[in-house]
A.B. asks: 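Here's a structure for you.
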Protein chains: 2
Amino acid sequence: MSQRTHHCGNIREEQVGEVVSLKGWVQRRRDLGQVVFLDLRDRSGIVQVVFSPEVNKDALAIADRVRNEYVLELEGKVVKRDPSTVNEKLETGTIEIHATSVTILNASKSLPFQIEADTDASEDIRLKYRYLDLRRPDMQETMILRHKTTKLIRDFLDEKAFLEIETPMLTKSTPEGARDYLVPSRVHHGEFYALPQSPQLFKQMLMVSGFERYFQVVRCFRDEDLRADRQPEFTQVDIETSFMDKEELLAMAEEMMAKVLKELKGVEVTTPFPRLTYDEAMNRFGSDKPDVRFDMELVELSEIVKDANFKVFQGAIAGGGIVKGLNLKGGADKLSRKEIDGLTDFVKQYGAKGLAWLKVEEDGLKGPIAKFFEEDVQAAMKAALNAEAGDLLFFGADKHQVVFDSLGALRLRFGKEFGLIDETKFNFLWVVDFPLVEYDEAAKRYVALHHPFTSPRQEDLGLLETDPASVRANAYDLVLNGYELGGGSQRIYQRNVQEQMFKALGFTEEQAKEEFGFLLEAFEYGTPPHGGIAFGLDRLVMLLAGRTNLRDTIAFPKTASASDLLTDAPGEVSVEQLIDLNLSIIGKKVERTEG
Amino acid sequence: MSQRTHHCGNIREEQVGEVVSLKGWVQRRRDLGQVVFLDLRDRSGIVQVVFSPEVNKDALAIADRVRNEYVLELEGKVVKRDPSTVNEKLETGTIEIHATSVTILNASKSLPFQIEADTDASEDIRLKYRYLDLRRPDMQETMILRHKTTKLIRDFLDEKAFLEIETPMLTKSTPEGARDYLVPSRVHHGEFYALPQSPQLFKQMLMVSGFERYFQVVRCFRDEDLRADRQPEFTQVDIETSFMDKEELLAMAEEMMAKVLKELKGVEVTTPFPRLTYDEAMNRFGSDKPDVRFDMELVELSEIVKDANFKVFQGAIAGGGIVKGLNLKGGADKLSRKEIDGLTDFVKQYGAKGLAWLKVEEDGLKGPIAKFFEEDVQAAMKAALNAEAGDLLFFGADKHQVVFDSLGALRLRFGKEFGLIDETKFNFLWVVDFPLVEYDEAAKRYVALHHPFTSPRQEDLGLLETDPASVRANAYDLVLNGYELGGGSQRIYQRNVQEQMFKALGFTEEQAKEEFGFLLEAFEYGTPPHGGIAFGLDRLVMLLAGRTNLRDTIAFPKTASASDLLTDAPGEVSVEQLIDLNLSIIGKKVERTEG
């Protein structure tokens, strides 16, 4: 092989007259009879190469045989193009290469899809031929953006004296949190490792070790049923600090995000980021990760409608629930009656029993439920919802969570459907003061909203024994454009508080000791106050890249059924491998389905 | 908490007069009646803090109660020490802090071992209390060195336009190589993922994708029986490039290593690194990862001794083997007869049947086998071995591999035992021209010496079908001080060559297609020539840190039986978890043993 002198995309008029040696792929080939034009592509971009009998007949003969995606090595002279043939779409469009020699390094069959930004190939085909999909310019750009994002974050944290320290992938399964991926041990009969859902306990141990500032860009795993924005393995930027309080940590995270946005997107974001309490986020936006790029807040109406003779509302309030409204400005013309009815099915996914609505007309509120409200109540509703003629009002009446979930989802749907969202914005906010625990109806006990190592707010500590549900956590989530980008907390660092927490979660003393004995013990050897945060890297890159599919930010992602369509993982293994692990498979194999 | 103004280890005379706020651990406490001295430690180092009734009585009362490893927050004034009390061992030894206030942030029980560089705690205790072990200054330094090494490598590769791209941890089990760690799939009944032994195929796919320059600092896994320098999970610096030939890749790797040594150790290493062919390394040093910090080469004696009437030597040569010698200069005085005999057991571990030896005295060679050699043969042996009076000569006579292994190990043992090795040296070399395959007696077929994707040398390609054992690989290992630090190769990138390789390894066409079909297919869509290398990060850090135990370079390592003594992983899991995975455990649980 001859040594490459230039990259295709970087050649400019300054190189005119030079002889260059290039390597790359044939993006496009045009045969103009006597002359062949090839667009040669490498990672840097594209340049046009001309083969003609005047320059070199042998090269032309070879160029005659090449097809799209052939891999070539070639030499030629950089020539300024005639002004009439300048291609303004290409950065190299004012020059071309007159090829004096060419070698075919490898051939290519016809591709299952073309290497171009907009592909109509199905995602399954793209994943099966991921090595071709990743050739497409938008995928190349996303992977480069991912590299730059990670680099920038690492450099930032290094400058702040953080040490990147690796934690194990083969860890212990713990009963809290999502479902673990397990790894059978060959040496320890019948025992298993678990792949980490996060390095939570290890990073806390590093604080006990006195490293003070730790970070890691680290793979984490959750064996959960997947949604569009979930992957079985995902990457997080994991941070933990000692002696740094919440305010210092949040300010540092803001500085980091502002730097990412400025350097990678040229966007200035204002710090400090706004903060909402969990209660406020739920009440105003029906979500603990509100998209605040648009308004349309949920409005509390319980007081106003509590005496109206409408059973649905009265029942909700009597049952300890609430009534909230949402105003789709000018919505009367946007949605047909049929579409409005269709929304009932939508909110039912969130547990709502139905969806009440009213149209605002010049002469009052109209709709099937209008008759239940006296004129003064209608006036108060209109005032609260800032309603005017042409608006369409929706109501949720149920338990708090159902109203939040259903109206919150409806708000987001309207925001997207009616273009209310300024897609150029990067809108950060913190959600703080989360509840420490929530009651799990299935498990019939409290479970930690974040994880059992989150510190209660100091002033709520006394309530941990008597009224766990009312204890607020010293926790904070970073939200960007309606996505939870990260979450963190100050941690419990005192044995007695951690024991109280385990007790509140229904652990017996023995259980706590068996599962987390080393943590409790560590707290007795000079554990410093500490806290930390973790950011979802995949999601951050997705938002920076302006994409909506998490899989597009990961080089080799899994499908919704956790399969890798390229290598066909998971797969069967040999009987010998199972015997080594002392395992047998229960039941017979069922046909696998791809989802 | 008050905000920290300084770090303990950084305070100097320039700060005299300033009021500082510090946080850290009590390294040592001395009570001198009216006055208490505390050495306060944080990640940066140690500073002496004085509590006295003149400065603050309340602070003194608290200081009276603290013990080693208590976590404190304190304020005080920086004061210049009296010249007679200067501590030259401390960088902060010319000043001390006169404490005006102190708060105990957390207490500590008595420790199982002291926080100091030289500990006599057993490794099991250190691993069980890893969070304390990591407080020791040498462990802190090693983790900081690891962070710096990784950062430097990442920055270097970024500057060379490499992209860090993450590859999956949940991959497919393949039949070649070491034993995989398996991960059962919950969704796909009876199927398993495998944790990667390396991202080999994924990084090759990234080359097919046109990324041209990829790297990753990546966790890899091997479920093998462990030795001192092996861990079930380890980290490698994984590199792959397109269009870069072997010479360019080796030069870049040398530049990177030279930079690591210079910036982190202040050591200048000369490039290019020396190269040895595999054959030369084996013949001269009995190892494919020779430690060339000392000489004592293996000397070929087959020609010289072939006619001597010594059955052991004759038999070895007749059986197609060799006779080699080793000269321990001045060894006659260093080893007793009993010690010499003891070496026989040592070489038997490497398959040798015995160990012949001769002493060199003024009047000739002495020892039990001396009588078998005529005077001219003795003279020729002495000349070949450069022997003089006082030397001790050892001989191996067996099949090639046995002689290499046993004399190679003996050479290393002598080197270490008799201080022949200059421990300050960093001695890099490349070993090249490895055999492509070797015959596996157990499997009764050829197996790849590196992996099945390694390219044969172009000139040996024709032999792949007729005489696989004689084909040399286009592969290269980087050796540092007797450790294999990295290995790489140019890869096969043409479907027909890869098919030939699989055939040579005994794969049927169907097997090749089933296991590696996607690779074979990818080669038909414009795969560029590519190659790469991977370096063992744990091992590199171990050598840079001047340590000999790989576990000391990993924050949370596993024991020789692949256990984590801190968290007690692996562990049992619930029946529900097993049912979720459709698995049952064969046989009953046996008592686990820790090794």
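Chain A is the first sequence line, chain B the second, and so forth, proteins listed ahead of strands; every chain is numbered from 1.
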A.B. asks: Output the option from B:T174, B:L201, B:I144 having the highest count of non-hydrogen pairs under 4.5 Å with chain A.
C.D. replies: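 It is B:I144.
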A.B. asks: Identify which part of B:K558 has an atom lying under 4.5 Å from any heavy atom of chain A, answering side chain, backbone, both or neither.
C.D. replies: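 Just the side chain, heavy atoms under 4.5 Å.
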A.B. asks: Among A:S242, A:P528, A:A194, who wins on heavy-atom pairs under 4.5 Å with chain B?
C.D. replies: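 The candidate making the most pairs under 4.5 Å is A:P528.
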A.B. asks: Heavy-atom pairs under 4.5 Å with chain A - which of B:R186, B:R135, B:K172, B:M139 has more of them than the others?
C.D. replies: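 Going by pairs under 4.5 Å, I would pick B:R186.
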A.B. asks: Taking NZ, NE, NH1 and NH2 as the nitrogens, is one of them in B:E233 or B:R219 under 4.0 Å from a carboxylate oxygen of the other?
C.D. replies: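 Judged by the 4.0 Å cut-off on N to carboxylate O distance, B:E233 and B:R219 do form a salt bridge.
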A.B. asks: Determine the option with the most heavy-atom pairs under 4.5 angstrom with chain A, choosing from B:D158, B:I165, B:L132.
C.D. replies: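 The option with the most such pairs is B:D158.
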A.B. asks: Would you confirm whether the ring centroid of A:F556 sits within less than 6.0 angstrom of the ring centroid of B:F202?
C.D. replies: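 Between A:F556 and B:F202, which both carry aromatic rings, the centre distance is below 6.0 Å.
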A.B. asks: Out of curiosity, B:I586 CD1 to A:L581 CG, how far, rounded to the nearest 0.5 Å?
C.D. replies: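 Output value for this atom pair is 9.0 Å.
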A.B. asks: At a heavy-atom distance under 4.5 Å, which candidate from A:S574, A:A555, A:A522 has the highest pair count against chain B?
C.D. replies: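 Ranked by contacts with chain B, first place is A:A522.
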A.B. asks: Pick from A:E524, A:M143, A:M205: which one has the most heavy-atom pairs with chain B under 4.5 Å?
C.D. replies: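 Heavy-atom pairs under 4.5 Å are most numerous for A:E524.
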A.B. asks: Under a 4.5 Å heavy-atom cut-off, does chain A meet the side chain of B:Q204, its backbone, both or neither?
C.D. replies: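 B:Q204 has no heavy atom closer than 4.5 Å to chain A.
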A.B. asks: Measure distances from A:L519 to the heavy atoms of chain B and classify the residue's part below 4.5 Å as side chain, backbone, both or neither.
C.D. replies: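 For A:L519, there is no contact with chain B at all, as no heavy atom is under 4.5 Å.
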A.B. asks: Is any side-chain heavy atom of A:L170 closer than 4.5 Å to one of B:D564?
C.D. replies: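 No, side chains not in contact.
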A.B. asks: Do you know which of A:R146, A:E69, A:R130, A:M169 has the most heavy-atom pairs under 4.5 Å to chain B?
C.D. replies: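 Among the listed options, the one with the most contacts to chain B is A:M169.
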A.B. asks: Does any backbone or side-chain atom of A:Y129 lie under 4.5 Å from a heavy atom of chain B? Answer side chain, backbone, both or neither.
C.D. replies: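 Contact with chain B: side chain only.
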A.B. asks: Could you tell me whether A:D580 and B:R179 have a side-chain N and a carboxylate O separated by less than 4.0 Å?
C.D. replies: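 Yes, this pair counts.
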A.B. asks: Please flag which part of B:Y214 lies under 4.5 Å from any non-hydrogen atom of chain A: side chain, backbone, both or neither.
C.D. replies: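 No part of it gets close to chain A.
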A.B. asks: In terms of ring plane angle, is the pair B:F221 and B:Y181 parallel, tilted or perpendicular, where the classes change at 30° and 60°?
C.D. replies: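 Answer is perpendicular, since the angle exceeds 60°.
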A.B. asks: At what distance, to the nearest 0.5 angstrom, does NE2 of B:H530 lie from CE of B:M207?
C.D. replies: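 The distance works out to 7.5 Å.
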A.B. asks: So which of B:L206, B:N68, B:V208 has the biggest tally of heavy-atom pairs under 4.5 Å with chain A?
C.D. replies: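 Highest number of heavy-atom pairs under 4.5 Å: B:V208.
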A.B. asks: Donor-acceptor check, side chain of A:W25 to backbone of B:G526, threshold 3.5 angstrom: yes or no?
C.D. replies: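 Side chain of A:W25 to backbone of B:G526, a donor-acceptor pair under 3.5 Å: yes, one is there.
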A.B. asks: Hey, are B:E164 and A:R154 close enough for a salt bridge, meaning a charged N less than 4.0 Å from a carboxylate O?
C.D. replies: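 Looking at B:E164 and A:R154, the cut-off is met.
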A.B. asks: Assess whether a salt bridge exists between A:R4 and B:E212, defined as any Lys/Arg side-chain N lying under 4.0 Å from an Asp/Glu carboxylate O.
C.D. replies: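 Counted as a salt bridge, because a side-chain N and a carboxylate O are separated by less than 4.0 Å.
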A.B. asks: Out of A:F516, A:F211, A:Y70, return the one with the most heavy atom pairs under 4.5 angstrom to chain B.
C.D. replies: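 Heavy-atom pairs under 4.5 Å are most numerous for A:F211.
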A.B. asks: Go through B:K148, B:K109, B:R136 and name the one with the most non-hydrogen pairs under 4.5 angstrom from chain A.
C.D. replies: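 Looking at each of B:K148, B:K109, B:R136 in turn, B:K109 comes out on top.
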A.B. asks: Measure distances from A:A107 to the heavy atoms of chain B and classify the residue's part below 4.5 Å as side chain, backbone, both or neither.
C.D. replies: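 A:A107 touches chain B through backbone heavy atoms alone.
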A.B. asks: Go through A:T567, A:D155, A:D180 and name the one with the most non-hydrogen pairs under 4.5 angstrom from chain B.
C.D. replies: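 Counting heavy-atom pairs under 4.5 Å, the top option is A:T567.
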A.B. asks: Side chain from CB out, backbone as N, CA, C, O: work out which of these in B:S173 comes under 4.5 Å of a heavy atom of chain A, or both, or neither.
C.D. replies: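 For B:S173, the contact with chain A is made by the side chain alone.
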A.B. asks: Say you draw a straight line from CZ of A:F234 to CG of A:D538; how long is it, rounded to the nearest 0.5 Å?
C.D. replies: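 Nearest 0.5 Å value for the CZ-CG distance: 8.5 Å.
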A.B. asks: Which of the residues B:R213, B:Q577, B:K151 is involved in the greatest number of heavy-atom pairs with chain A at under 4.5 angstrom?
C.D. replies: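 Looking at each of B:R213, B:Q577, B:K151 in turn, B:K151 comes out on top.
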A.B. asks: Against chain A, label B:L195 side chain, backbone, both or neither, depending on which of its atoms sit under 4.5 Å from a heavy atom there.
C.D. replies: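 For B:L195, the contact with chain A is made by the side chain alone.
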A.B. asks: Please classify the contact between B:Q216 and chain A as side chain, backbone, both or neither, with a heavy-atom cut-off of under 4.5 Å.
C.D. replies: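 For B:Q216, the side chain is the part near chain A, not the backbone.
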